[in-house]
*Asks:* 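Here it is, the structure, as structure tokens.
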Amino acid sequence: MSHHKDDNGAKLGMWLFLFTELLLFGGLFLLYAAYLSRYPHEFSAAGRQLNVVFGTVNTVVLLTSSLFVAMAVTALQRNERRQTLWLIGGTVLCAAIFMAIKYVEWGTKIRHGIYPNSPHLTTGPAGESVFFSLYYMSTGIHGLHVLIGVTLLTWIGTKVKRGAVHGGDYILLENGALYWHLVDLIWIFIFPLYYLIL
Amino acid sequence: MTSNTGGHHIVGYGKLALVWLALLVLTALTVLITRIELGGYKVLGALTIACLKSGLVIAFFMHMKYEGRLLRWLLFVALVTLAIFIGFTFFDVLYR
């Protein structure tokens, strides 16, 4: 039986999927921009309550994870399996650090009574409530993507370890890496919009 | 044979590390320029830097620089769609 495999087709499919993701987050950024122009002062007051240090550290962590996964693709193309596995491990570790920081960040906000529909927000200015709803929605969906990405990369890692994904057949890791870079790309916009410009 | 979807280009560790350094420098820059009072330029500056960073990630980490015409055009179409979608909403929101 002949087994036909089309790597270029697989990569094309991944990119098409990434474009739909771009439009999904594009919609959220659009909502953000439209509400920012309606409630500039409330957005400013709410945005200043976010912790720039957490945001910056998480940006550096995600950029580093992106570097690791890009290096993992290079290592696999060169058929260096051990290095590939270490680099995927580094990416997973970075993702764990990112999620831990996110957990502390969300936890602190929730303890201060800032969460969607909280008494503090519903009795406060409407613009602040909208800001935090968008903040939880965007960082929440982004966090979900981090979890999906890390699950995907771990699964691909086990296939690399077993030798099912190797230097001659690495499209699975290439596509997993593309998904991971998208997670990084989205954060590149979330970071200035929510943490910096307000 | 020239392929429309690109070949199998290997990007070396050195180049990837350089891109990562550039991304860190741009991150530091965006934090710095938004800490000082620049008014409206703050938003413009931060978004320009975010676009530059995305460009670097897409071109080198995602290998778009080494892909063929098909993927480049598709990316272009997706970005234009996004721009129309954002631009037209703003015609509505700002001139209502």
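Below, chain A is the first sequence line, B the second, and so on; all start at residue 1.
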*Asks:* For a side chain to side chain contact (heavy atoms under 4.5 Å, CB included) with A:Trp15, tell me which candidate from B:Leu71, B:Leu70, B:Leu74 qualifies.
*Replies:*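 The passing option is B:Leu71.
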*Asks:* Decide if atom CZ of B:Arg35 counts as having more than 12 heavy atoms of other residues, nucleotides or ligands within a radius under 6.0 Å.
*Replies:*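 Atom CZ in B:Arg35 is crowded, with more than 12 foreign heavy atoms closer than 6.0 Å.
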*Asks:* Give the interface residues of residues 24-34 of chain B toward chain A, defined by a heavy-atom separation under 4.5 Å.
*Replies:*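 Under the 4.5 Å heavy-atom cut-off, B:Leu24, B:Thr27, B:Thr30, B:Val31, B:Thr34 qualify.
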*Asks:* If every non-hydrogen atom of A:Ser37 is compared with every non-hydrogen atom of B:Val93, which pair is closest and at what distance?
*Replies:* OG-CG1, 3.3 Å
*Asks:* About how many Å separate OG1 of A:Thr74 and NZ of B:Lys15, when rounded to the nearest 0.5 Å?
*Replies:* 10.5 Å
*Asks:* Sequence neighbours left out, what passes side chain to side chain contact (heavy atoms under 4.5 Å, CB included) with B:Ile84? Give chain and number order.
*Replies:* B:Val80, B:Phe88
*Asks:* Any idea which heavy atoms bring B:Leu47 and A:Phe189 closest together, and the distance?
*Replies:* CD2-CD2, 4.4 Å
*Asks:* At a 4.5 Å cut-off on heavy atoms, which part of A:Phe29 comes close to chain B: side chain, backbone, both, or neither?
*Replies:*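 Contact with chain B is absent: no heavy atom of A:Phe29 under 4.5 Å.
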*Asks:* Can you confirm whether B:Phe90 is buried at CZ, in the sense that more than 12 heavy atoms of other residues, nucleotides or ligands lie under 6.0 Å from that atom?
*Replies:* yes
*Asks:* Under a 4.5 Å heavy-atom cut-off, does chain A meet the side chain of B:Val43, its backbone, both or neither?
*Replies:* both
*Asks:* Side chain from CB out, backbone as N, CA, C, O: work out which of these in A:Leu198 comes under 4.5 Å of a heavy atom of chain B, or both, or neither.
*Replies:* backbone
*Asks:* Identify the two heavy atoms, one from B:Ala46 and one from A:Ile197, that lie closest to each other, and give their separation to 0.1 Å.
*Replies:* CB-CG2, 3.6 Å
*Asks:* Verify the neighbour count for atom CG of A:Asn117: are there more than 12 heavy atoms of other residues, nucleotides or ligands below 6.0 Å?
*Replies:* no
*Asks:* Closest approach of B:Met62 and A:Leu18, non-hydrogen atoms and distance?
*Replies:* CE-CD1, 3.8 Å
*Asks:* Below 4.5 Å, heavy-atom pairs only: which of A:Leu23, A:Leu182, A:Val73 has the largest tally toward chain B?
*Replies:*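 So the answer, after comparing A:Leu23, A:Leu182, A:Val73, is A:Leu23.
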*Asks:* Is it the backbone or the side chain of A:Ala177 that comes under 4.5 Å from a heavy atom of chain B, or both, or neither?
*Replies:*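 Interface part for A:Ala177: neither.
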*Asks:* Nearest heavy-atom pair of A:Ala75 and B:Tyr13: which atoms, and what distance?
*Replies:* CB-OH, 3.2 Å
*Asks:* Within this structure, what is the CG-CG distance for the pair B:Leu18 and A:Leu67, rounded to the nearest 0.5 Å?
*Replies:*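 Rounded to the nearest 0.5 Å, the CG-CG separation comes to 10.5 Å.
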*Asks:* As an exercise, state the distance from CG of A:Leu63 to CG of B:Leu56, rounded to the nearest 0.5 Å.
*Replies:* 10.0 Å
*Asks:* With a 4.5 angstrom heavy-atom cut-off, is it the side chain or the backbone of B:Leu79 that approaches chain A, or both, or neither?
*Replies:*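 Side chain of B:Leu79 only, per the 4.5 Å heavy-atom cut-off to chain A.
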*Asks:* Give, for atom CG of A:Leu185 and atom CZ of B:Phe61, the distance between the pair rounded to the nearest 0.5 Å.
*Replies:*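 Going from CG on A:Leu185 over to CZ on B:Phe61, the span is 10.5 Å.
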*Asks:* Is the count of non-hydrogen atoms from other residues, nucleotides or ligands lying under 6.0 Å from B:Phe85 atom CZ greater than 12?
*Replies:* yes
*Asks:* Does any backbone or side-chain atom of A:Thr64 lie under 4.5 Å from a heavy atom of chain B? Answer side chain, backbone, both or neither.
*Replies:*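 Contact with chain B: backbone and side chain both.
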*Asks:* Please determine whether the number of non-hydrogen atoms from other residues, nucleotides or ligands lying under 6.0 Å from atom CH2 of A:Trp106 exceeds 12.
*Replies:*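 Enclosed: over 12 neighbouring heavy atoms sit under 6.0 Å from CH2 of A:Trp106.
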*Asks:* Which value, rounded to the nearest 0.5 Å, describes the distance between A:Leu22 atom CG and B:Thr81 atom OG1?
*Replies:*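 The CG atom of A:Leu22 sits 10.0 Å away from the OG1 atom of B:Thr81.
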*Asks:* What part of A:Ile171 gets within 4.5 angstrom of chain B, counting heavy atoms only: side chain, backbone, both, or neither?
*Replies:*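 Neither part; nothing is under 4.5 Å.
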*Asks:* With a 4.5 angstrom heavy-atom cut-off, could you sort out which part of A:Ser66 is near chain B: side chain, backbone, both or neither?
*Replies:* both
*Asks:* How many angstroms lie between atom CE of B:Met64 and atom NE2 of A:His181, to the nearest 0.5 angstrom?
*Replies:*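 Between atom CE of B:Met64 and atom NE2 of A:His181 there are 12.0 Å.
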